[in-house]
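We count residues from 1, following the sequence as given.
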Amino acid sequence: DLISIDTTVAVLTMFAQAGITGTMAGTGLRMMLIQMAKPTAAASDAMKEYNIVAFDAQGKFVGMASLAGQLHTQLGGLTQQEREHTLAVMFGTRALADANILYSQGADGVKKWTDTVNQQGFAEMQASTKLNNLAGDMQILGTSINVALIKEGSAGNGVLRDMAGFAIGAVNAVGDLPAPVQAGILKIAALG
């Protein structure tokens with residue numbers, strides 16, 4: 001895992017305070033993490049040009065506070081247009097708004113939100129409340145698949161897509177059955 005649950009909740013809360021919430025915030029953060037884990041050639045070049053380091057010599061992620069601090073310091077002298085372009089190259093246009101928040105908040109902003117989250121036990125509460133249901137289980141499954149794909153590259157993509165296609169077909173088939181039959185299948189599955 002690149003970042004802890006506390007840091008994840010802190011960054012998502014920071015995004016929410018800037019008006020980016022829900023799926024948009026999660027997708028933006030996910031896109032940023034993917035870009036850091038597997039940067040494009042252009043992203044690598046931009047990071048080298050501005051001396052922004054996402055992973056240390058041992059290959060360990062430097063942390064969101066460090067990354068935000070580097071963005072704030074290294075890109076601070078650019079015009080808004082230059083900065084927007086550089087952030088879009090590094091993190092992709094879908095994560096541009098999120099990257100701008102990291103840039104503007106810097107290391108201090110990430111640390112402040114992480115401390116706030118930790119002091120209030122907010123991360124634990126959010127994780128237990130938001131993920132303790134079927135939607136949360138599906139979100140955890142999706143995140144696990146994304147992490148596996150990032151680690152394995154595209155090698156497992158075909159197999160996982162086949163499995164997903166099969167699962168979608170099975171769910172759709174059950175969804176097309178009459179309600180009493182669906183209930184019976186769910187009871188049998190629960191017993192199994």
task = Using modelled atom types only, decide if a donor and an acceptor are shared between the side chain of Ser104 and the backbone of Asn100 within a distance under 3.5 Å.
result = yes
query = Which is it for Met90 and Leu87 under the side chain to side chain contact (heavy atoms under 4.5 Å, CB included) test, yes or no, and what are the steps along the way?
reply = CA-CA 5 Å; Met90 283 193 277; Leu87 289 171; 4.2 Å; yes
message = In this structure, would Val11 and Leu33 fall into the same cluster of hydrophobic residues linked by side-chain contacts under 4.5 Å?
response = yes
query = Heavy-atom distance under 4.5 Å between the side chains of Phe91 and Met31, does that happen here?
reply = no
inquiry  = What I'd like to find out is whether the side chain of Met64 reaches to under 4.5 Å of the side chain of Leu29, using heavy atoms alone.
reply    = yes
inquiry  = Looking at every heavy atom in both Ile101 and Ala18, which two are closest together, and how far apart are they?
reply    = CD1-CB, 3.4 Å
ask   = Counting distance only, does the side-chain N/O of Glu84 pair as donor-acceptor with the main-chain N or O of Gln81 below 3.5 Å?
value = no
task = Kindly compute the distance separating OH (Tyr103) from OG1 (Thr86), expressed to the nearest 0.5 Å.
result = 11.0 Å
From CG (Asp108) to CD (Gln105), nearest 0.5 Å = 9.5 Å
key: Taking every non-hydrogen atom, the tightest pair across Leu96 and Ala88   = CD1-N, 3.8 Å
task = Would you indicate whether the side-chain heavy atoms of Leu75 and Ile52 approach each other to under 4.5 Å?
result = yes
Contacts of type side chain to side chain contact (heavy atoms under 4.5 Å, CB included), residue Thr40, not counting sequence neighbours = Gln35, Ala42, Ala43
query = Between Tyr50 and Leu71, is any pair of side-chain heavy atoms under 4.5 Å apart?
reply = no
task = Check whether any side-chain heavy atom of Gln74 sits under 4.5 Å from a side-chain heavy atom of Val53, and report yes or no.
result = no
request  = Specify the closest pair of heavy atoms between Asp98 and Gly28, including all atoms of both residues, with the distance to one decimal.
outcome  = OD1-CA, 3.4 Å
message = Tell me the closest heavy-atom pair linking Glu82 and Thr79, and the distance in Å.
response = OE1-N, 2.9 Å
query = Would you call Met24 and Phe15 a side-chain contact if the rule is heavy atoms closer than 4.5 Å?
reply = no
Gln70 and Ser66: side chain donor to acceptor below 3.5 Å = yes
key: same_hphob_cluster(Leu67, Leu12) at 4.5 Å side-chain heavy-atom cutoff   = yes
query = Would you call Leu102 and Met32 a side-chain contact if the rule is heavy atoms closer than 4.5 Å?
reply = yes
Spacing of Met14 atom CE and Thr116 atom OG1 [to the nearest 0.5 Å] = 11.5 Å
message = Is the shortest side-chain heavy-atom distance between Val62 and Phe55 below 4.5 Å?
response = no
